[in-house]
Amino acid sequence: MAKYQRIVLKLSGEVLAGGAYFGISTERVKSLAAEIAEVSRTGVQIGLVVGGGNFFRGVAAAAKDMDRVTADHMGMLATVINALALQDALEKAGVPTRVMTAIEMHEVAEPYIRRRAIRHLEKGRIVIFAAGTSNPYFSTDTAATLRALEIHAQVIAKATRVEGVYDKDPMRFPDAVLYREVSYLEVLAKALGVMDASAVAMCRDNQLAILVFNLNTYGNIMRISMGEPVGTLIH
Ligand code: UDP
């Protein structure tokens, strides 16, 4: 029996690139889709929010001479490309999906309508929320928070490349200590850098739990859904 009935899974764009830093690895997308499909089949309702960092980020060096708003629009469009790649792979894995975009593009996907999104979830469709919040100066972490609150998800599962939240950067400091649980306040005060501060603050203000976990360990999404102790719970 799953612990969570409805979750929002936040994937950065980079995870779709596999070993590379740019673009889409069809192999990685396929294996990810298989893992997510398995969880969906247990009856857990899944909203997916995907980033666009494997193509473009509004704050990236490539955008330094650009108007920020234009650059952010490019970043949001990048998330749509990723959403379509995930949709394709998930449907091949046998799960019905809908892509809903915060920026309207009817020929490509449905516009985001909250009640319709909830209906899709209730019917067992994975909903992939694309184009962030549609607003520049935000991130897909904030988009994940916003959507999770709107659809009344019980948790945001935030995928990373490490086990969870550490007291310092585990990539740079081998003695970094992993937290099993940590408060929103501590994440913000110590700038633990797992998620955008604005997203963490929004979760805190609305008491939405965040579970930070290692996506590179196969089966972790299932473990989270079943309530097994994985990663770090920010609450
Ligand atoms: N973005 C935005 N508003 C949003 C979400 C995203 O402007 O609500 C833009 C922003 O430029 C961001 C890019 O889209 O850098 C890609 O999103 P993000 O950096 O969150 O992707 P990730 O790091 O998760 O791959």
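Whatever order the structure lists ligands and atoms in, that order sets their numbers, starting from 1.
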Margin query: How far is atom 21 (O) of ligand 1 from the closest protein heavy atom, and which atom is that?
Written below: Gly52 N, 3.0 Å

Check: Does any N/O atom on Asp141 come nearer than 3.5 Å to any N/O atom on ligand 1?
Finding: no

Check: To the nearest 0.1 Å, how far is atom 12 (C) of ligand 1 from its closest protein heavy atom, and which atom is that?
Finding: Gly58 N, 4.0 Å

Next item on the list: Output all residues satisfying side-chain hydrogen bond (donor to acceptor under 3.5 Å, both in side chains) with Glu181, sequence neighbours left out; order by chain, then residue number.
Entry: His235

Next item on the list: With heavy atoms of Ser12 as the reference, note each atom of ligand 1 found under 4.0 Å away.
Entry: 24 (O), 25 (O)

Next item on the list: For atom 13 (C) of ligand 1, state which one of Ala78, Gly75, Ala71 supplies the nearest heavy atom.
Entry: Gly75

Note to self: How far is atom 3 (N) of ligand 1 from the closest protein heavy atom, and which atom is that?
What the structure shows: Asn135 O, 2.6 Å

Margin query: Would Arg147 and Tyr112 count as a cation-pi pair here, with the cationic atom under 6.0 angstrom from the ring centre and within 45° of the axis?
Written below: yes

Margin query: Within the 4.0 Å heavy-atom shell around Gly13, which atoms of ligand 1 are there?
Written below: 22 (P), 24 (O), 25 (O)

Next item on the list: Supply the atom-to-atom distance Arg180 CZ to Glu163 CD, rounded to the nearest 0.5 angstrom.
Entry: 7.5 Å

Notebook entry, point to check: Distance-only, no hydrogens or angles: does the Glu110 side chain make a donor-acceptor pair with backbone N or O of Met100 under 3.5 Å?
Noted result: no

Check: Going by the order shown, which atoms of ligand 1 are within less than 4.0 Å of some heavy atom of Phe56?
Finding: 13 (C), 16 (C)

Margin query: Does any N or O of ligand 1 fall below 3.5 Å from an N or O anywhere on Gly53, backbone included?
Written below: yes

Margin query: Does the residue Lys10 have a heavy-atom contact with ligand 1, meaning some pair of atoms that are separated by less than 4.0 Å?
Written below: yes

Next item on the list: Could you tell me whether Tyr166 and Tyr179 have their ring centroids closer than 6.0 angstrom?
Entry: no

Margin query: Do Ile46 and Ile7 have side chains that approach each other closer than 4.5 Å (heavy atoms only, starting at C-beta)?
Written below: yes

Note to self: Would you compute the distance between atom CD1 of Ile224 and atom CG of Leu9 and round it to the nearest 0.5 angstrom?
What the structure shows: 7.5 Å

Notebook entry, point to check: Per the side chain to side chain donor-acceptor pair (under 3.5 Å) rule, which among Arg6, Glu122, Arg125, Gln154 passes with Gln45?
Noted result: Arg6

Check: Any idea which atoms of ligand 1 are less than 4.0 Å away from a heavy-atom of Thr133?
Finding: 4 (C), 8 (O)

Notebook entry, point to check: Quick one: do Arg41 and Glu38 make a salt bridge, cutoff under 4.0 Å?
Noted result: no

Notebook entry, point to check: How far is atom 5 (C) of ligand 1 from its nearest protein heavy atom, and which residue and atom name does that atom have?
Noted result: Ser139 C, 3.3 Å

Check: Which of the listed options, Pro136, Ala131, Ala144, Gly51, holds the heavy atom that is closest to atom 22 (P) of ligand 1?
Finding: Gly51

Check: Which residue owns the protein heavy atom closest to atom 2 (C) of ligand 1, what's the atom, and how far is it?
Finding: Phe138 O, 3.1 Å

Notebook entry, point to check: What is the closest protein heavy atom to atom 20 (O) of ligand 1, and at what distance does it sit?
Noted result: Thr140 OG1, 2.5 Å

Item checked: Derivation and outcome, salt bridge (charged side-chain N to carboxylate O under 4.0 Å, His left out), residues Asp141 and Lys158 -> CA-CA 9 Å; Asp141 282 351; Lys158 157 92 178 171; 3.1 Å; yes

Next item on the list: Quick one: look up the protein heavy atom nearest atom 19 (O) of ligand 1 and list residue, atom name and how far away it is.
Entry: Arg57 NE, 3.2 Å

Notebook entry, point to check: Starting from atom 11 (O) of ligand 1, which protein heavy atom do you reach first, and at what distance in Å?
Noted result: Asp72 OD1, 2.5 Å

Note to self: Between ligand 1 and Gly132, is the shortest N or O to N or O distance under 3.5 Å?
What the structure shows: no

Next item on the list: Kindly indicate, with the supporting measurements, whether the criterion side chain to side chain contact (heavy atoms under 4.5 Å, CB included) is fulfilled by Ile24 and Phe55.
Entry: CA-CA 9 Å; Ile24 289 175; Phe55 288 115; 3.9 Å; yes

